[in-house]
Amino acid sequence: MAELDKQYNSKQVETKWYTLWESKGYFRPASDRGQKTFGKPYTIVIPPPNVTGILHMGHALNSSIQDILVRWNRMKGRDTLWVPGVDHAGIATQNVVEKKLAKEKKTRWDLGREKFLEEVWKWKNENGSTITRQLRRLGASCDWTRERFTMDEGLSRAVREAFVTLYERGLIYRGHYIINWCPRCQTALSDEEAAHKDVQGGLYHIKYPIAGKSGPYEKMGEDHIVVATTRPETMLGDTAVAVHPTDPRYRHLIGKKVILPLLDREIPVIADDFVDPEFGTGIVKVTPAHDPNDFAMGHRHKLEQINVMTPDGKINERGGAYKGMDRFEARKKILQDLEEQGLFVRRDSHLHAVGHCYRCDTVIEPYLSKQWFVKMQPLADKALKAHKQGKTVFTPDRWTKVYLNWLKGIRDWCISRQIWWGHRLPVWYCAECAQSQTGKTTDQRPQTRDQKLQSPVSSLQSDGAIVSREDITQCPRCGSKDIKRDEDVLDTWFSSWLWPFSTLGWPATEASAGKPSKSADLKKFYPTSDLVTAPEIIFFWVARMIMAGLEFMGDVPFRQVHIHGTVRAASGLKMSKSLGNSIDPLEVIEEMGADALRYSLVMLSAQDVYLSREKFEVGRNFANKVWNACRFVLMQLEGFQEASTDTRQFDKIKLSLPSRWILSRLEEKIAMIEKQLTQFSLAQAATELYHFVWDDFCDWYIELAKPMILSEDQALKLQTQKVLFFVCERMLRLLHPFMPFITEEIWQKFKAKADQSDLRGRSGPTSEVGLGRCPDTLMLASWPQEEKKKFHDAEAQKAIGFLQDAVGGIRDLRVRFQIAPTDKLKAVIVCKEQATLETVQAFEREVKVLGRLAELQCVREFEKKGAMAANSFAAFDIFISLEGVLDPETEKKRLQKKIQETEAWIETIRKKVENPSFAQKAPKEVLEKEKEKLADAQKLLVSYQTQRASF
RNA sequence: GGGCAAUUAGCUCAGUUGGUUAGAGCAUCUCCUUUACACGGAGAGGGUCAGAGGUUCGAAUCCUCUAUUGCCCACCA
């Protein structure tokens, strides 16, 4: 058999195995391959990354976690499906292509809609698969045969089906409201797409003259009021000023008029409860077209709405002299003009939250425009009910509250976008119908989007809107061919929220059939099992998916939502390309391997992950350790013909103590890891494995196995080989979900060994996964099961505990007295009890090897002679000869310190044990433990005292 | 303004439902090129578990308050 290289070549191994896994269809569900499965199907859908995106650390963490869960469940024999895909990211993708055009000094308008979309598709086809290629590098075992894109045919049909259905149910309406507008992207945004950031801005105090007191402003004296605003440019659209109805300072002004400066318009002073007399001057300027509060106030007082801005954030013709200026330019000029006219009072520094476009970071403008909305309350109610029934569980649990709070404060969802890349609204307008209906429509639109003011909405018919599952060329009502399709497209999340079922083939029938039926995949895999995602996406996506699942499928889309931490740079900031603090996962993969990346990330993922490059060394070092440990084991198996993972083989053999011990430890770890994976504690599971491999297996078992392998006792040699093979093989299975590549590479060598003999008789319910014999790939090997405590061995654990103490004691003495490792020592172990002596004698040889001793005596009684140093434990003392090295004074001091420590310790325990309440209330085991501890401490104290006395 | 999280060794973090003398990795120091691994081995030093109260036989762990940091949400101009 070819020996493994000393160095692990991750790059070569990763490509080799990924290609093979994919080409053999191992990523597909077992049922697709006609194989037997166990338990319920297990399904995950990937949170679809942005098609413009590249893999960043957040994705890497997210995908690693999902892959661990998927591979674990696949090994357990469940019918496992992981559906991958990307979303079309309307605004982001359009921005990318527009930027490209800008380099050629062109805009999308120059190309026109159709040509432009061709460009976007071209871009998508050329660049859109970057991220999925990168996911492959990571080792993600997605079923690529089921890969989906939100703009592909099936998903587009789902979007249209969803839109029309909601419209028919009266849950979609069109209306004129204040929405979040990005002047750069020139589109409406949903509330979630407006990211609020605290900005240190100004609160500007401005005089508005009271009408009727005409004359030059300079002579106004007290004949004015002062309003405070953060956005002075919007004053061009003011149609009132408001005060609180009971404010004694201004009550007399209510009903009077003031003059809007700069434009010289008369506007009324109104009274409204909304105004907070404590804030600013207690007077608010009211701009219904540019502020959501003012919009609501405007409705209450039937005020005119004056929109003073163009879609690209410039002042329009209603802004008089300021027409054509950019909004911020206009702000400056207005303040300047006001100052010149003596109407500017002062600027207070003011910290306030300002909305920014989450795609381009431009300051958002609250803007009055006609948009389409989803009425969310009925959807949220269903989600709240489903939560009460415990249909979806969040881990960690605290996110449940975040989710519920959002649902409870739900607001209608603005879904129309004034861009081109996306699903165009399936809405047509008939010119003739619109005309004939003029004046006789009953407009049931809510007065504002404010929750409390919403009336039950039915669909809006007033402008002759026709909503259709199929494209139409003439009006179904009047037959007119004078119809026009709505220019807008839908919010990208309007397709993402259907993701869990649209990717599984919903709607299965042609959309025209009206009642979508379930596809085979949908029947088998919906609802899915787990959703793994980052917290920032709960509102955008998770909550909406739950609502959509309930609305369209009648059931939640997933049973569990696992929220993992956010990946941040070491500085604490979010990692992002624009900040230049990101670490490219691909670079880490190149440098250290995908396994190293995955393992490091998962180990750190117990909470938010703060990354720096060095942190990946943990994973790299561990991968190297695994590699070399297995390399060693394989080297010991030369000529070995009895490789088997059949646990029954150990029944007939009298195993050595170290072998019993490692099997017992393995058993414990299997149980523990099972528990932790079930609880989503992946970081803990990874840490457990890390310590099992490194501490138990490498540092102790391999070292203990060396002398046994070299032993002349052929039976001992053989059983040690068996145990090495067995433990190592199981270890690889346990590690596989975390580090798939390296484990597969090594495991194949083990398999080659096992094929020569038998790898058949595995036990446990999942043992037949694969082929009923050794499967071709570790991916499909069975997941190790705790075997009814078969290997649990308290005696061996205790014995090896003694051994570790003894060896540790000797090593400590060597270092403390600077004895070269090559100096062979003589040591004596003095046991305090006969039973201990027998245990210690059983591993005399091992202690000699590991402690590099020339001679070892194990005795009950021992008289110290000459200069000897000792290390004491509760069960035994170890002495070594130190002629000419030992300084009695130093040693006495050390012992004195130890005695003091031990006495203090004993005192603490005694207090505890002798406390009657403790004896009464503490559980028996704890009491026993404490008593044992006390006895041990006392033994130790005696040892120290005896030693000190001997000097 | 509301909510959530974090605060444990020089640094980065574990610490399961309260129960050994609070752990790991990195860094530091000492020793070791011992035939799996120097991406290694052996050992050592280093912590009043943010602070103050409280519950308890017993608190890093549960409760209250305070401080600092971070995140999310929010229509007071």
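- At a threshold of 4.0 angstrom between heavy atoms, the contacts of Lys408(A) with the nucleic acid are absent.
- Taking the P atoms as reference points, rC72(B) lies 37 Å from rG47(B), given to the whole Å.
- The separation of rU66(B) from rA22(B), taken at their P atoms, amounts to 31 Å, rounded to a whole angstrom.
- Among rG19(B), rC37(B), rA36(B), the nucleotide with an atom closest to any side-chain atom of Ile702(A) is rA36(B).
- The residue Val618(A) sits close only to the backbone: its heavy atoms come under 4.0 Å of sugar-phosphate atoms, none of a base.
- Between Tyr599(A) atom OH and rA24(B) atom P there is a gap of 17 Å when expressed in whole angstrom units.
- rU7(B) and rG15(B): their C1' atoms are spaced 15 Å apart (whole Å).
- Only the C1' atoms considered, rA74(B) is 15 Å distant from rC4(B), to the nearest whole Å.
- Between His299(A) and Phe295(A), the ring-plane angle classifies as perpendicular under the 30° and 60° cut-offs.
- Taking a cutoff of 4.0 Å between a charged side-chain nitrogen and a carboxylate oxygen, Glu233(A) and Arg327(A) do not qualify as a salt bridge.
- Counting non-hydrogen atoms under 4.0 angstrom, Thr687(A) reaches nothing in the nucleic acid.
- Residue Gln684(A) places at least one side-chain N or O under 4.0 Å from the OP1 or OP2 atom of rG15(B).
- Rounded to an integer number of Å, the gap from Asp198(A) CG to rG70(B) C1' is 14 Å.
- Distance Leu927(A) CG to rG19(B) P: 16 Å, rounded to the nearest Å.
- Trp694(A) contributes atom CH2, which lies 14.0 Å from atom CG of Leu689(A) (distance to the nearest 0.5 angstrom).
- Annotation: rG2(B) and rA77(B) have their P atoms spaced 16 Å apart (nearest Å).
- Of the charged side-chain nitrogens involved, at least one lies within less than 4.0 Å of a carboxylate oxygen, so that Arg544(A) and Glu192(A) count as a salt-bridged pair.
- Taking atom P in both rU69(B) and rC31(B), one finds a spacing of 44 Å when rounded to whole Å.
- The side chain of Lys929(A) places no N or O atom within less than 4.0 Å of a non-bridging phosphate oxygen (OP1 or OP2) of rG58(B).
- Residue contacts shown for Glu614(A) are absent, as no nucleic acid heavy atom lies under 4.0 Å away.
- Picking from rC72(B), rG43(B), rA77(B) the nucleotide with the shortest atom distance to the side chain of His352(A) gives rA77(B).
- For Lys933(A), a side-chain nitrogen or oxygen approaches OP1 or OP2 of rU21(B) to under 4.0 Å.
- Rounded to whole Å, atom C1' of rC4(B) lies 11 Å from atom CD1 of Ile538(A).
- Using a 30° and 60° split on the angle between ring planes, Trp406(A) and Phe539(A) fall in the parallel class, below 30°.
- Atom SG in Cys728(A) sits 3.5 Å away from atom CZ in Phe750(A) (nearest 0.5 Å).
- In this structure, of rA44(B), rU12(B), rU21(B), it is rU21(B) that holds the atom nearest to the side chain of Trp905(A).
- At least one side-chain nitrogen or oxygen of Gln607(A) sits closer than 4.0 Å to the OP1 or OP2 atom of rA14(B).
- Across all strands shown, Val275(A) has heavy atoms under 4.0 Å from base atoms, whether or not it also approaches the sugar-phosphate.
- Phosphate contact (OP1/OP2 of rC37(B), side-chain N/O of Asn621(A), threshold under 4.0 Å): absent.
- Sequence order on RNA chain B of the closest nucleotides to Asn915(A) and Arg811(A) puts Arg811(A) first from the 5' end.
- Nucleic acid contact class of Pro923(A) (heavy atoms, under 4.0 Å, all strands): base.
- Here Ala606(A) lies in heavy-atom contact (under 4.0 Å) with sugar-phosphate atoms only.
- Place Ala937(A) and Met603(A) on RNA chain B by their nearest nucleotides, and Met603(A) ends up nearer the 5' end.
- Comparing rU30(B), rG19(B), rA74(B) by their nearest atom to the side chain of Val815(A) picks out rU30(B).
- Ion pairing of Asp348(A) with Arg346(A) is present here, as a side-chain N (NZ or NE/NH1/NH2) and a carboxylate O approach within less than 4.0 Å.
- Residue Cys630(A) is classed as having no contact, given no heavy-atom separation below 4.0 Å to the nucleic acid.
- Under 4.0 angstrom from either OP1 or OP2 of rG25(B) there lies no side-chain N or O belonging to His691(A).
- In this structure, CD of Glu901(A) is placed 19 Å from P of rU20(B), rounded to the nearest angstrom.
- We find the CD1-CD1 distance between Ile810(A) and Ile878(A) to be 5.0 Å, quoted to the nearest 0.5 Å.
- Distance, Asp608(A) CG to rC72(B) P: 10 Å, rounded to whole Å.
- A salt bridge between Asp294(A) and Lys285(A) is absent, with no side-chain N of the basic residue lying under 4.0 Å from a carboxylate O of the acidic one.
- Residue-level contact check: His350(A) touches the backbone only, with heavy atoms under 4.0 Å from sugar-phosphate atoms and none from bases.
- Checking rC39(B), rG41(B), rC73(B) against every side-chain atom of Lys625(A), the shortest atom distance belongs to rG41(B).
- When each of rG41(B), rC4(B), rA77(B) is scored by its nearest atom to the side-chain atoms of Arg398(A), the top-ranked nucleotide is rC4(B).
- Picking from rC13(B), rA77(B), rG19(B) the nucleotide with the shortest atom distance to the side chain of Tyr610(A) gives rC13(B).
- Going from atom NE2 of His196(A) over to atom C1' of rA74(B) covers 8 Å, rounded to whole Å.
- As a whole-Å value, the separation of Trp694(A) CH2 from rA24(B) P is 14 Å.
- In this model, the phosphate group of rC73(B) is not approached by any side-chain N or O of Lys401(A) to a distance below 4.0 Å at OP1 or OP2.
- Within 6.0 Å of CD in Glu925(A) there are 12 or fewer heavy atoms belonging to other residues, nucleotides or ligands.
- Looking at heavy-atom distances under 4.0 Å, Phe622(A) makes no contact with the nucleic acid at all.
- Going from the C1' atom of rC62(B) to that of rU17(B) covers 12 Å, rounded to whole Å.
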* Stepwise side chain to side chain contact (heavy atoms under 4.5 Å, CB included) check, Leu61(A) with Ser605(A) -> CA-CA 8 Å; Leu61(A) 172 64; Ser605(A) 70; 3.7 Å; yes

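- Residue-level contact check: Ala919(A) touches neither bases nor backbone, having no heavy atom under 4.0 Å from any strand.
- Taking atom P in both rU34(B) and rA14(B), one finds a spacing of 38 Å when rounded to whole Å.
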* Asked: With Watson-Crick and G-U wobble geometry limited to distances under 3.5 Å, how should the secondary structure of RNA chain B be encoded in dot-bracket form, using | for bases paired to another strand and [ ] for crossing pairs?
  -> (((((((..((((.....[...)))).(((((.......))))).....(((((..]....))))))))))))....

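- Minimum atom distance to the side chain of Ala629(A) is reached by rA36(B), of the listed rU16(B), rA42(B), rA36(B).
- Ion pair Lys911(A)/Glu914(A) not flagged as a salt bridge, since none of the NZ, NE, NH1 or NH2 atoms sits closer than 4.0 Å to an Asp/Glu carboxylate oxygen.
- When heavy atoms are screened at a 4.0 angstrom cut-off, Arg852(A) is found touching base atoms of the nucleic acid.
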